[in-house]
J.: 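One structure coming up, written as structure tokens, with questions to follow.
Worth knowing before you read on, the calculation uses all heavy atoms, side chains too, and leaves out hydrogens, waters and symmetry mates. We count residues from 1, following the sequence as given.
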Amino acid sequence: REAVVSTQSTGEPVLLLGKKRFEGVDIRIRVRGGGATARVYAIRQAISKSLVAYYQKFVDETSKKEVKDILLNYDKAMLVADPRRCEPKKFGGPGARAKYQKSYR
């Protein structure tokens, strides 16, 4: 069940832009680390970013802008990475922000 959802998500850039825009483009993606959902989003973002880069380098600027606008209007996460990361643990508590309970007596 999870594989079906992830396959649909990874193919979203192709569905949005159409197969015609992917002609002549060979994409190989290798993903390491993270969970299943994070990998799906990483693949989806890699496909989108690589196509925009391809259009910028080998095709004209107007079609690149067109591709970028289609992807951004659908979902900003396709081209822009989420910068949130896990905050490191500090001393004086069990986690990053929580502190040990203080006792006065």
Side-chain angles (χ1 to χ4, degrees):
R1 184 173 171 107
E2 187 180 319
V4 174
V5 174
S6 64
T7 313
Q8 289 172 347
S9 295
T10 53
E12 277 179 353
V14 182
L15 292 171
L16 282 169
L17 301 169
K19 289 184 180 179
K20 188 181 173 205
R21 287 208 169 106
F22 282 86
E23 286 176 355
V25 180
D26 184 28
I27 300 173
R28 288 188 209 118
I29 301 168
R30 186 172 23 193
V31 185
R32 288 184 354 196
T37 308
R39 286 178 176 208
V40 167
Y41 281 106
I43 292 168
R44 186 173 166 244
Q45 190 178 58
I47 292 169
S48 302
K49 280 183 159 184
S50 63
L51 194 72
V52 170
Y54 173 81
Y55 268 75
Q56 183 173 5
K57 192 169 184 179
F58 299 109
V59 191
D60 54 58
E61 190 69 26
T62 54
S63 53
K64 176 219 137 182
K65 179 98 172 96
E66 192 179 303
V67 167
K68 195 172 180 178
D69 287 341
I70 291 168
L71 292 170
L72 285 174
N73 285 336
Y74 179 74
D75 187 7
K76 189 179 175 187
M78 281 197 168
L79 294 176
V80 182
D82 188 2
R84 293 177 293 182
R85 298 288 179 262
C86 187
E87 192 175 340
K89 181 196 175 302
K90 283 95 176 177
F91 56 86
R97 298 285 175 109
K99 299 297 169 211
Y100 293 123
Q101 193 170 359
K102 194 172 178 181
S103 168
Y104 287 100
R105 287 188 194 168

J.: How close do Leu51 and Arg21 get, counting heavy atoms only, and between which atoms?
T.: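 Taking every non-hydrogen atom into account, CD1-O, 3.9 Å.
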
J.: Mind checking what makes salt bridge (Lys or Arg N to Asp or Glu O under 4.0 Å) contact with Lys64, not counting sequence neighbours?
T.: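 Here the qualifying residues are Glu61.
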
J.: Give me the atom names and distance for the closest heavy-atom approach of Pro94 to Lys99.
T.: CD-C, 4.1 Å

J.: For the CD1 atom of Ile70 and the OG atom of Ser48, what is their distance to the nearest 0.5 Å?
T.: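 Taking CD1 in Ile70 and OG in Ser48, the distance rounds to 11.5 Å.
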
J.: Is Val52 linked to Val59 within one hydrophobic cluster, defined over Ile, Leu, Val, Met, Phe, Trp and Tyr using a side-chain heavy-atom separation of less than 4.5 Å?
T.: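 Yes, Val52 and Val59 fall within the same hydrophobic cluster.
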
J.: Going from CG on Leu71 to CG on Leu16, what distance comes out if it is rounded to the nearest 0.5 angstrom?
T.: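 Result: 6.5 Å between the selected atoms.
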
J.: Within a strict 4.5 Å, meaning less than it, do heavy atoms of the Lys65 and Asp69 side chains meet?
T.: yes

J.: Heavy atoms only: give me the nearest Val31-Arg39 pair and the separation to one decimal.
T.: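 Heavy-atom minimum between the residues: CG1-CG, 3.6 Å.
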
J.: Can Val25 be reached from Ile47 by stepping across I, L, V, M, F, W or Y side chains whose heavy atoms are under 4.5 Å apart?
T.: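 Yes, same cluster.
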
J.: Mind checking what makes ring pair (Phe, Tyr, Trp, His ring centres under 6.0 Å) contact with Phe58, not counting sequence neighbours?
T.: Tyr54

J.: Measure from the side-chain N and O atoms of Asp75 to the backbone N and O of Met78, and report whether any donor-acceptor pair falls under 3.5 Å.
T.: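 Judged by distance alone, no pair lies under 3.5 Å.
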
J.: For Gly11, is there any backbone N or O sitting under 3.5 Å from a side-chain donor or acceptor partner on Arg44?
T.: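 Judged by distance alone, no pair lies under 3.5 Å.
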
J.: More than 12 heavy atoms of other residues, nucleotides or ligands under 6.0 Å from OH of Tyr55: yes or no?
T.: yes

J.: So which atom in Phe22 and which in Val14 form the shortest heavy-atom distance, rounded to 0.1 Å?
T.: CE1-CA, 3.6 Å

J.: How many angstroms lie between atom CG of Leu79 and atom CG of Leu72, to the nearest 0.5 angstrom?
T.: 4.5 Å

